[in-house]
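Input: a single structure, listed below in structure tokens.
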Amino acid sequence: MRGGRRLFPLLLLALLPGLCHGRESAPGAVTCGSVLKLLNTRHSVRLHSHEVKYGSGSGQQSVTGVEASDDANSYWRIRGKSDNSCQRGTPVKCGQAIRLTHVNTGKNLHTHHFPSPLSNNQEVSAFGDDGEGDDLDFWIVQCSGSYWEREDAVRFKHVGTEVFLSITGEQYGHPIRGQREVHGMPAANHHNYWKAMEGVFIKPSLDPAKHDEL
């Protein structure tokens, strides 16, 4: 299974020209089942994870920000709190709770009451197996309209601890030199805006059983 997950981003990159590249297509809603990269608009880095564990705190898989736009470890799948709550092709509503599952490792974006290693904010990690974790994997999409639009900068507020997914610029050394710390902050500010970037977006559909990739 792990080998298959590693191959998926490579296949995804090969398919992108024939499907949908996030910056080249018409604006529209982000939908359940879509696979995308998220750009922190303040620091111009993409949300990233990899099979490198924190050396302190929870010891779980680390989550960072990277400048490279073509890194295959920066893809995340949009899922609901349960599979039935976010059927493939359904637009994500503002205020909806979602999971962000890291495509290459099958772990969910997660936070909990551990201090982050560099800034001493709240640690953000990747947790679970094959997309299944626990109730600390849920994030509320905060946006201004009815739905999360691909052109909008949005915030992700953690359901369990009420922090915002953030970056403030701290950089790691070896073995992930230059990558930025991702953490949770209690206040909404310019460090916690994110925008949908490259990816495969499932067309919005009133009937979730009928959809296509753009």
Legend entry - Donor-acceptor contact below 3.5 Å, side chain Thr31 vs main chain Ile202: yes
Legend entry - Centroid-centroid distance, His50 to His102, less than 6.0 Å: no
Legend entry - Reported CG-to-CH2 distance for the pair Leu109 and Trp76, which is rounded to 0.5 angstrom: 5.0 Å
Inset, instruction - Check Arg99 against Asp137 and note the closest heavy-atom contact, atom names and distance. - result: CG-O, 3.6 Å
Legend entry - Distance (rounded to the nearest 0.5 Å) between Leu38 CG and Ile78 CD1: 6.0 Å
Inset, instruction - Spell out, as yes or no, whether a donor-acceptor pair under 3.5 Å connects the side chain of Tyr54 to the backbone of Val124. - result: yes
Inset, instruction - Check whether any side-chain N or O of Asn108 sits under 3.5 Å from a backbone N or O of Gly131 as a donor-acceptor pair, and report yes or no. - result: yes
Inset, instruction - Would you check if the side chain of Gln179 reaches a backbone N or O of Gly65 as a donor-acceptor pair within less than 3.5 Å? - result: no
Legend entry - Distance (rounded to the nearest 0.5 Å) between Asn73 CG and Leu47 CG: 11.5 Å
Legend entry - Nearest heavy-atom neighbours spanning Pro117 and Ser56: CB-OG, 3.9 Å
Legend entry - In one Ile/Leu/Val/Met/Phe/Trp/Tyr side-chain cluster, 4.5 Å: Val154, Val30: yes
Inset, instruction - List the atom of Ser85, the atom of Ser82, and the distance in Å for their closest heavy-atom pair. - result: OG-O, 2.8 Å
Inset, instruction - Measure the CG-CD distance between Asn120 and Glu170 for me, rounded to the nearest 0.5 Å. - result: 10.5 Å
Inset, instruction - Walk me through it: do Ser74 and Val66 pass the test side-chain contact (heavy atoms from CB on, under 4.5 Å)? - result: CA-CA 8 Å; Ser74 300; Val66 297; 3.6 Å; yes
Inset, instruction - Could you go through the side-chain hydrogen bond (donor to acceptor under 3.5 Å, both in side chains) check for Ser116 and Glu181 one step at a time? - result: CA-CA 8 Å; Ser116 60; Glu181 181 186 80; 3.3 Å; yes
Legend entry - Full working for side-chain contact (heavy atoms from CB on, under 4.5 Å) between His48 and Arg180: CA-CA 10 Å; His48 179 89; Arg180 310 294 178 87; over 6 Å; no
Legend entry - Value rounded to 0.5 Å, distance of CD1 in Ile140 from CG in Leu165: 13.5 Å
Inset, instruction - Apply the side chain to side chain contact (heavy atoms under 4.5 Å, CB included) test between His183 and each candidate in Val63, Asn192, Asn121; give the one that qualifies. - result: Asn121
Inset, instruction - Would you kindly confirm whether Val159 and Leu100 end up in one hydrophobic cluster when ILVMFWY residues are joined by side chain heavy atoms under 4.5 Å apart? - result: no
Inset, instruction - Begin from the C-alpha positions of Lys195 and Glu149 and carry the test salt bridge (charged side-chain N to carboxylate O under 4.0 Å, His left out) through to its verdict. - result: CA-CA 9 Å; Lys195 193 172 182 180; Glu149 298 287 339; over 6 Å; no
Legend entry - Cation-pi geometry met for Lys81 and Phe138 (6.0 Å, 45°): yes
Inset, instruction - Would you give the length of the straight line joining atom CG of Asp70 to atom CZ of Arg46, rounded to the nearest 0.5 angstrom? - result: 9.0 Å
Inset, instruction - Answer yes or no for Arg150 and Phe201: cation-pi contact, defined as NZ/CZ to six-membered ring centre under 6.0 Å and angle to ring axis within 45°. - result: yes
Legend entry - Flag for Glu123-Thr111: side-chain donor and acceptor within less than 3.5 Å: no
Inset, instruction - Taking atom types as modelled, find out whether Thr105 and Glu51 have a side-chain donor-acceptor pair closer than 3.5 angstrom. - result: no
Legend entry - Closest approach of Ala196 to Leu36 (non-hydrogen atoms, all atoms of both residues): CB-CD2, 4.1 Å
Legend entry - Glu162 CD: over 12 foreign heavy atoms closer than 6.0 Å: no
Legend entry - Connected via hydrophobic side-chain network under 4.5 Å: Val141 and Tyr147: no
Inset, instruction - Could you tell me whether a side-chain N or O of Ser49 sits under 3.5 Å from a main-chain N or O of Ser62, the two making a donor and an acceptor? - result: yes
Legend entry - Within one Ile-Leu-Val-Met-Phe-Trp-Tyr cluster: Phe156 and Met185, side-chain cutoff 4.5 Å: no
Inset, instruction - May I ask you to establish whether Arg155 and Tyr193 are in a cation-pi arrangement, using a distance under 6.0 Å from NZ or CZ to the six-membered ring centre and at most 45° from the ring axis? - result: yes
Inset, instruction - Step by step, work out the ring-ring contact (aromatic ring centres under 6.0 Å, His included) result for His191 and His43. - result: CA-CA 8 Å; His191 296 294; His43 298 278; 5.2 Å; yes
Legend entry - Closest non-hydrogen atom pair, Arg77 against Val103: N-CG2, 4.0 Å
Legend entry - Donor-acceptor under 3.5 Å (Lys37 side chain, Tyr75 main chain): no
Inset, instruction - Could you check Trp194 against Leu39 for side-chain contact (heavy atoms from CB on, under 4.5 Å), going step by step and ending with a plain yes or no? - result: CA-CA 5 Å; Trp194 300 84; Leu39 178 76; 5.8 Å; no
Legend entry - Near-ring test Trp139/Phe164, centroid separation under 6.0 angstrom: no
Legend entry - pair Pro186-Gln122: side-chain heavy atoms closer than 4.5 Å: no
Inset, instruction - Among Lys53, His110, Lys107, find the one that has a side chain to side chain contact (heavy atoms under 4.5 Å, CB included) with Gln60. - result: His110
Legend entry - Nearest heavy-atom neighbours spanning Ser125 and His112: OG-CE1, 3.5 Å
